[in-house]
Amino acid sequence: MKLNLFEKFDWSQLGTTILTRVIQLVLISLLFYFLNFFGQKLINKGMDHYANLEQTSNNRSYTLKSLLKNILRYTLMIFYIYTVLSLFGIPVGTLVASAGIVSLAIGLGAQGFVNDVVTGFFILFEQQFQVEDYVQIGDITGTVSAVGIRTTQIRSFDGTLHFIPNRNITIVSNFSRGQRQQVINLRLDPETDLKKLEAVLTPINQAVFKETKDLLVEPQLLGANLLANGDLVYQIQITASQGMDIPMQRLLLGKYLPALKAAGINLPQSLLNLQ
C-alpha cells in the first residue's frame with residue numbers, strides 16, 4: 001500500500017515547484033543585489049559631491065558614507081529575509097506576533113545601538129568635532145582618534161584610548177575651533193626685578209613671532225598678577241592658530257627658562273601654571 005502511494009506521488013509537479021522556487025529565489029536575490037549595488041554607487045557619488053560642495057574633511061565624508069551604506073544594507077537585508085520567507089509560504093506575520101517577548105527583548109537591546117547611530121549621525125552633520133581635534137567630552141580630554149557610527153575614540157595625552165558611545169556624548173568642548181588665547185603663568189619671587197624679566201622675555205617673543213606662522217600676534221606681556229591660590233605670577237598671553245596653542249606654549253617655555261636662568265633670574269620651584 002505504501003509502495004502504491006509512493007508510486008502515485010506526482011514527482012514531476014514536485015520538480016516543477018522546486019525549480020520554480022529556485023528560479024524565484026535567484027531572481028529575488030539578483031534584484032536585491034542590484035538594489036544594493038546601485039544604492040552604494042549612488043551614496044558614493046552623492047557624498048563625494050557633498051564633500052566637494054561643502055569642503056568637508058575626508059574622515060567626515062567617509063563616516064557619513066559608511067553610515068548611509070549600513071542603513072541601506074540593513075534595510076535591504078530585512079526586506080530580503082521577509083520576501084524569501086514569504087516565498088516559501090512561511091507566515092512571517094504569525095512568527096513575529098508569536099515572538100513578541102523575544103522582539104521586545106531585542107528591541108530594548110537595540111535601543112542603545114539606534115541611539116548611538118542617530119547621535120553619531122547628528123555629530124557628523126553638525127561638525128561638532130573631527131579627527132585630530134582636541135576636545136573634552138565629559139571627564140575625558142584628548143585628541144579625537146576616530147569618529148565612528150557607534151562610538152567616538154579619544155586618545156588622552158598619556159596614550160590611553162577611550163571608546164565613548166555616541167549616545168553618552170551630551171556636551172562637547174572643542175578646543176581646536178578658531179583662535180585660542182592662552183595665558184602662561186610664570187611663578188615669581190616677590191623680589192624679582194620685573195623690568196629685567198621683561199627685558200629677557202620681549203626679544204624672545206619678537207623672535208618666535210617672526211619665526212613661526214602659528215602665532216597670530218606677538219605674545220603680550222600682561223604683567224604680574226596674584227592668583228586665587230595665592231601664587232604671585234607673571235602672565236604672558238599668546239594667540240595661536242587652530243590647534244597650535246599647546247605647541248606654542250611649549251616652544252616659548254623652552255626659550256624662556258634657559259634665558260631667565262642665564263640672566264640670573266631665579267624662579268620658585270613648581271614655577272609653571274598653564275591655563
Side-chain angles (χ1 to χ4, degrees), residues 123 126-145 152 154-162 164 168-275:
I123 287 174
E126 294 172 0
Q127 301 186 49
Q128 296 180 17
F129 52 80
Q130 297 177 6
V131 171
E132 300 300 331
D133 281 357
Y134 176 58
V135 302
Q136 178 176 348
I137 301 176
D139 297 330
I140 299 174
T141 302
T143 303
V144 179
S145 177
T152 293
I154 305 294
R155 188 174 294 279
S156 301
F157 286 116
D158 61 359
T160 304
L161 184 62
H162 304 274
I164 306 175
N168 293 337
I169 299 176
T170 54
I171 299 176
V172 178
S173 300
N174 193 326
F175 303 109
S176 298
R177 296 293 173 85
Q179 304 172 3
R180 292 198 67 213
Q181 291 184 337
Q182 294 288 333
V183 175
I184 301 176
N185 293 328
L186 296 177
R187 287 189 61 192
L188 291 178
D189 188 297
E191 299 180 356
T192 301
D193 186 343
L194 296 184
K195 291 185 178 180
K196 185 177 180 180
L197 177 72
E198 292 173 351
V200 173
L201 299 181
T202 298
I204 295 176
N205 291 339
Q206 293 173 347
V208 173
F209 177 65
K210 292 179 181 179
E211 292 172 359
T212 178
K213 297 181 180 179
D214 293 318
L215 281 177
L216 303 181
V217 296
E218 183 179 319
Q220 300 177 2
L221 303 180
L222 301 181
N225 193 12
L226 191 64
L227 299 182
N229 61 3
D231 288 342
L232 179 64
V233 298
Y234 191 91
Q235 296 183 320
I236 306 99
Q237 178 177 287
I238 64 172
T239 303
S241 58
Q242 178 177 331
M244 294 302 297
D245 48 320
I246 293 178
M248 290 300 100
Q249 287 180 359
R250 293 171 178 166
L251 176 62
L252 288 169
L253 288 171
K255 294 181 179 295
Y256 287 160
L257 301 183
L260 291 173
K261 184 177 181 180
I265 300 176
N266 297 319
L267 302 177
Q269 293 182 352
S270 302
L271 66 161
L272 302 182
N273 183 6
L274 302 185
Q275 292 183 342

(request) Could you tell me whether a side-chain N or O of K196 sits under 3.5 Å from a main-chain N or O of G264, the two making a donor and an acceptor? (result)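 Judged by distance alone, no pair lies under 3.5 Å.
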(message) So does D189 get a backbone contact from the side chain of T192, meaning a donor-acceptor N/O pair under 3.5 Å?
(response)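 Yes: the side chain of T192 pairs with the backbone of D189.
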(request) List for me each residue that meets side chain to side chain contact (heavy atoms under 4.5 Å, CB included) alongside A259, sequence neighbours excluded, and say none if there are none. (result)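 Side chain to side chain contact (heavy atoms under 4.5 Å, CB included) list for A259, sorted by chain: V200, I204.
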For [X], all residues meeting side-chain hydrogen bond (donor to acceptor under 3.5 Å, both in side chains), sequence neighbours excluded:
| X | value |
| --- | --- |
| N174 | D133 |
| D158 | T160 |
| T170 | none |

Heavy atoms, side chains only, cut-off 4.5 Å: are [X] and [Y] in contact?
| X | Y | value |
| --- | --- | --- |
| I184 | M248 | no |
| I236 | L201 | yes |
| L197 | L260 | yes |
| I154 | F129 | no |

(message) How close do P258 and L253 get, counting heavy atoms only, and between which atoms?
(response)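 Heavy atoms only, the tightest pair is CD-O, 4.3 Å.
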(message) If you compare all heavy atoms of P203 against all heavy atoms of E198, which two are closest, and at what distance to 0.1 Å?
(response)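 Scanning both residues completely, I find the closest heavy atoms to be CD-O, 4.4 Å.
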(message) Going by the rule ring pair (Phe, Tyr, Trp, His ring centres under 6.0 Å), which residues pair with Y234 if we only count those two or more places apart in sequence or in a different chain?
(response)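 Y234 satisfies ring pair (Phe, Tyr, Trp, His ring centres under 6.0 Å) with no residue once adjacent residues are dropped.
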Indicate every side-chain donor-acceptor pair of residues 136-143 with a distance under 3.5 Å to a residue at least two apart or in another chain.
{"unit_1": "Q136", "atom_1": "NE2", "unit_2": "G138", "atom_2": "O", "d": "3.2"}

Donor-acceptor pairs are to be reported for all side-chain atoms of residues 209-223 against protein atoms at under 3.5 Å, with residues two or more places apart or in another chain.
{"unit_1": "T212", "atom_1": "OG1", "unit_2": "D214", "atom_2": "N", "d": "3.0"}
{"unit_1": "D214", "atom_1": "OD1", "unit_2": "S241", "atom_2": "OG", "d": "3.3"}

(request) Kindly check if the number of other-residue, nucleotide or ligand heavy atoms within 6.0 Å of CD1 (I171) is above 12? (result)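 Result for CD1/I171: open.
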(request) Measure the CG-CD1 distance between L251 and I246 for me, rounded to the nearest 0.5 Å. (result)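 Reported value, rounded in 0.5 Å steps: 13.5 Å.
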(message) To the nearest 0.5 Å, what is the distance between CG on L194 and CD1 on I265?
(response)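 Between atom CG of L194 and atom CD1 of I265 there are 9.0 Å.
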